[in-house]
Structure formats: structure tokens, C-alpha cells
Amino acid sequence: SERIKYYLGCFVGRDREVDAVVQWVQGTSGNQVLPIFSEAGMGKGALSAGIVDRLLADRIPVMYHFCGSGMANSLHAVLYHFILQGKNMPGWNGAGLWGVKDENLKRKMDRLPSRYNDAIHLFQRLLSECYAPPKKYQNQPLVIVIDGLDEAAVANSQLKISDWFYTYNEKEEPENDWRSNPNIRWVFTYRCSEDGSEPFYQFPKMKELAESPILQPLSGLSPEAVDEAFKEFKVSNEFK
């Protein structure tokens, strides 16, 4: 929450970009994954916080994780965070997403599986079989935001976000593609090189990537956006 507050304090001049994401979330596009990428320093984290803030204000269910340094931000740890976050959603006064009735699944929720592939399978089952938000949220999409996939790659470069979109056999080998329900939207941000390449973000068979020219790549703030953001505060040009 402190990091969210920090990013919101830095968030300025990104209304157009936030609007684009929210319109995609609420639209009918079959493209379920929206990547947002840029070089370092373009404000992806601040934008992600702005997106989360808008979704919460609009009462759209959102789970989010802001990756930083350390093993707590590997994709394995992010899975744990989402599984637990779904039990007590931000801004829902203790309400959650999961309606778990299977006793075996309940035991797994009480003691999260230690193996990465088992955690993936648990999260997939929760999304596919146990998604049961309160009534006022039932007609809304669920948005899952991970900010900083490049930071997650630093924590453990062997884990890929594409891992989450496979099913696995007993040997922990990818067996089939897995797709989330159509009402789920995924937003991933990451730092890319100047040529746009990114070895840690892989969807080798996934074609459902949403496209947005203002988010891919994300550019720095334009003078017009800064002027619009500060117009009510009457700050000097030198300050801007």
C-alpha cells in the first residue's frame, strides 16, 4: 500500500493512457492480455498505480502486484500473493473472489503448495472454477495487473509469465495451453530494450495480445499532458 501511495503521488498527466486501458478492460475484444512496455524511466509503475486506482474507483475487481527487488517478487511469489489477495480483495471490506467448496482445494488454500507448477495449477483452478465475487461485482471483468516483469525476471530468470498459461503433466512438463475465462483481463508492464526485445516475456503460442499505440511503447509525458495536469495549480513553466 505504501508503494501504491508513492506511485499515486508521482502519477500525473496519464489520463489518456489510463482511459485507454479502462476502455479495453470494459470492451468486448477477445484479446485478453495487454502488454505495456518501454525503456526505463517512462513511468510504467506510476501508470500501473493510476490504472489500479481507476479500477478500484469504478468498482472493477482488480488484483495487482508491483514487482521490486528480491525473491519476494519472483513469479512464484506473485502467484502466492494473488491466491491470498483473492481471499481478501483490496477495497472490499474483507470480501473475496474465491468460492471454494472442494475440501481438497480448501486444504491447498490453507497450506499453499511449495512447487511452482502446483501453485500455477491452483491459481488456474481458482480462476476457472471458483471465481465467485460479491453480487455487485459479478457483471464486471476481473483485471490482473503485474507491474515490472523485468524485476520478476531478476528475482528468478528461469520463471516466465508464459508458464502460467500451460497445464503440466506429472513430470512438470508443459502439456497443453491454458486460457483464462473471457471475463479476465491481464495487464503486464516491463522494461524493454530500444529494439523492443524482451527475453523474459514469452507467449510463444498466444495470439490474444491487445495492441495500443500509446502504450507500446509507453512514451514520456508530452508538454500538452503536463500542461493539462497542472492547469488548476497555476505552477510556473520553470517548475513544469
Side-chain angles (χ1 to χ4, degrees), residues 1-15 17-22 24-25 32-92 96-97 112 116 119-120 123 126-127 141-157 159-164 180 184-192 198 200-202 210 212 214-221:
S1 62
E2 289 303 313
R3 194 164 187 184
I4 281 278
K5 291 175 184 177
Y6 168 76
Y7 278 132
L8 288 177
C10 298
F11 177 71
V12 64
R14 289 296 192 185
D15 290 342
E17 288 83 356
V18 172
D19 288 343
V21 174
V22 174
W24 167 74
V25 164
Q32 290 182 258
V33 178
L34 176 64
I36 301 174
F37 53 84
S38 74
E39 297 179 64
M42 293 295 106
K44 295 180 294 298
L47 175 60
S48 296
I51 292 167
V52 169
D53 185 55
R54 176 76 67 82
L55 294 172
L56 290 173
D58 291 348
R59 294 190 174 184
I60 297 174
V62 55
M63 294 194 291
Y64 54 86
H65 187 96
F66 291 83
C67 296
S69 60
M71 291 304 296
N73 293 286
S74 74
L75 289 177
H76 195 168
V78 175
L79 275 173
Y80 289 158
H81 184 202
F82 282 154
I83 292 167
L84 297 175
Q85 195 176 87
K87 295 174 68 173
N88 187 354
M89 287 289 284
W92 284 19
L97 287 177
L112 295 177
Y116 179 52
I120 291 174
F123 190 47
L126 291 171
L127 290 176
L142 168 65
V143 185
I144 300 173
V145 179
I146 303 180
D147 175 69
L149 283 180
D150 50 299
E151 295 285 357
V154 171
N156 190 329
S157 61
L159 307 184
K160 313 291 184 184
I161 193 62
S162 57
D163 300 337
W164 295 18
S180 56
I184 297 177
R185 299 290 204 222
W186 305 80
V187 179
F188 302 133
T189 80
Y190 55 86
R191 180 189 305 179
C192 67
E198 23 65 30
F200 46 83
Y201 181 87
Q202 297 177 355
S212 174
I214 66 172
L215 300 170
Q216 303 160 340
L218 181 68
S219 300
L221 291 174

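Note that these values count all heavy atoms, side chains included, but never hydrogens, waters or copies made by symmetry. We're numbering straight along the sequence, starting at 1.
Residues I214 and E17 come closest through the heavy atom pair CD1-CA, 3.9 Å. The two residues F66 and G45 have their closest heavy-atom pair at CE2-O, 3.7 Å. Taking every heavy atom of both residues into account, Y190 and D150 meet most closely at CA-OD1, 3.4 Å. Between Q32 and I184 the shortest heavy-atom distance is NE2-O, 3.1 Å. Counting all heavy atoms, side chain and backbone alike, G220 lies closest to M42 at N-SD, 3.2 Å. Contact record, M63 with F82: SD-O, 3.5 Å, taken as the closest heavy-atom pair.
Looking at heavy atoms from C-beta onward, K44 lies in side-chain contact with S38 at the 4.5 angstrom threshold. In this structure the side chain of Y64 reaches within 4.5 angstrom of the side chain of P90, judged on heavy atoms. Side-chain contact between F123 and I144: present, with at least one pair of heavy atoms (C-beta onward) separated by less than 4.5 Å. A heavy-atom distance below 4.5 Å is found between the side chains of L112 and L84.
Atom-to-atom distance recorded for L159:CG and W164:CH2 is 10.0 Å, nearest 0.5 angstrom. Considering CZ of F188 and CD1 of I146, their distance stands at 5.0 Å, rounded to 0.5 Å. Interatomic distance, CG of L75 versus CD1 of I161, reported as 5.0 Å (0.5 Å rounding). The distance from atom CG of L142 to atom CE of M89, rounded to the nearest 0.5 Å, is 6.0 Å. The CG atom of L215 lies 6.5 Å from the CG atom of L47; values are rounded to the nearest 0.5 Å. Atoms CD1 and CD1, on I60 and I51 in that order, are 11.5 Å from each other to the nearest 0.5 Å.
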| request: Before giving the answer on side-chain contact (heavy atoms from CB on, under 4.5 Å), spell out for L149 and F37 the whole-Å C-alpha distance, their side-chain angles and the decisive distance to 0.1 Å. | output: CA-CA 10 Å; L149 283 180; F37 53 84; over 6 Å; no
| query | Run the side-chain contact (heavy atoms from CB on, under 4.5 Å) check on R54 and V22 step by step: do they pass? | reply | CA-CA 8 Å; R54 176 76 67 82; V22 174; 3.6 Å; yes
| Candidate pair L34 and V25, rule side-chain contact (heavy atoms from CB on, under 4.5 Å), full reasoning | CA-CA 9 Å; L34 176 64; V25 164; over 6 Å; no
| request: Kindly determine whether V143 and V21 satisfy side-chain contact (heavy atoms from CB on, under 4.5 Å), including the steps that lead there. | output: CA-CA 11 Å; V143 185; V21 174; over 6 Å; no
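Using modelled atom types and a 3.5 Å distance limit, the side chains of W186 and S180 yield a donor-acceptor pair. No hydrogens or angles considered: a donor-acceptor pair under 3.5 Å links the side chains of S48 and D147.
No donor-acceptor pair under 3.5 Å is formed between the side chain of K160 and the backbone N or O of A153. Although no hydrogens or angles enter the test, the distance criterion places a donor-acceptor pair under 3.5 Å between the side chain of T189 and the main chain of G148.
Ring planes of H76 and Y80: tilted class, angle from 30 to 60°.
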